[in-house]
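A quick write-up on the structure given underneath.
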Amino acid sequence: MTELAYHRVASTSDLDDGDVREAQVGGTLLAIYRLGEDFYATAGICTHAYARMAEGYVEGEIIECPYHGGAFEIRTGKAVAAPCTHDLKTFPVRVDGDDVLVGLPVVQPA
Ligand code: FES
């Protein structure tokens, strides 16, 4: 099982329902979403080309890419609209008090 380290990426008050914002942890660019009282994290870059998902449009539980109209389910990262065919990677999210934390794999020294 992959060991995860949780990193603070936002405060709960930074996002309203339906918001998306960008966060960076080390070299990993993320998109952080709020749907109701729940928070989600996906890769920050579209799987079709180099679009930043935080510049996209949240429609219900879908994030639409700002470039070519591709779209993904926020909760699962599943690609649901062409030209996107590869799912977005998703990351586990925890809320600790006011902190939104995202779990990323711990890189083991070689
Ligand atoms: Fe996202 Fe093309 S870059 S749909």
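It should be emphasised that the depicted structure is a prediction, and the values quoted were computed from it without experimental measurement. What's counted below: heavy atoms across the whole structure, side chains too, no hydrogens, waters or symmetry copies.
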Problem - Any side-chain heavy-atom pair of His7 and Val25 under 4.5 Å - result: yes
Report, one line per pair, each donor and acceptor closer than 3.5 Å where one atom sits in a side chain of residues 26-45; sequence neighbours left out.
unit_1 : atom_1 : unit_2 : atom_2 : d
Tyr33  : OH     : Thr42  : OG1    : 2.8
Arg34  : NE     : Gly36  : O      : 2.9
Arg34  : NH1    : Thr12  : O      : 2.9
Arg34  : NH1    : Leu15  : O      : 2.9
Arg34  : NH2    : Glu37  : OE1    : 3.0
Arg34  : NH2    : Glu37  : OE2    : 3.4
Tyr40  : OH     : Arg75  : NH1    : 2.3

Handout entry: Sequence-distant partners of Asp14, salt bridge (Lys or Arg N to Asp or Glu O under 4.0 Å), two or more places apart
Key = Arg21
Handout entry: Non-neighbouring partners of Glu22 that pass side-chain hydrogen bond (donor to acceptor under 3.5 Å, both in side chains), sequence neighbours left out
Key = Arg52
Problem - Between CG on residue Leu104 and CD on residue Glu3, distance to nearest 0.5 Å - result: 12.5 Å
Under 3.5 Å, sequence neighbours excluded: what are the donor-acceptor pairs made by side chains of residues 78-97?
unit_1 : atom_1 : unit_2 : atom_2 : d
Asp87  : OD1    : Ala79  : N      : 2.9

Completion exercise
Here the ring pair (Phe, Tyr, Trp, His ring centres under 6.0 Å) pairs for residues 48-76, sequence neighbours left out, are His48-His68
Handout entry: Members besides Tyr6 in its Ile/Leu/Val/Met/Phe/Trp/Tyr cluster (side-chain heavy atoms under 4.5 Å)
Key = Leu4, Leu101
Practice task
Determine the minimum heavy-atom distance between Ile62 and Ala71, stating which atoms define it.
Solution key: CG2-CB, 3.6 Å
Handout entry: Residue pairs involving residues 39-48 (criterion salt bridge (Lys or Arg N to Asp or Glu O under 4.0 Å); sequence neighbours excluded)
Key = none
Completion exercise
By side-chain hydrogen bond (donor to acceptor under 3.5 Å, both in side chains), Glu64 pairs with (sequence neighbours left out) none
Problem - With Asp19 via side-chain hydrogen bond (donor to acceptor under 3.5 Å, both in side chains) - residues at least two apart - result: none
Practice task
Could you note down all residue pairs passing salt bridge (Lys or Arg N to Asp or Glu O under 4.0 Å) where residues 98-107 supplies at least one of them, sequence neighbours left out?
Solution key: Arg8-Asp99
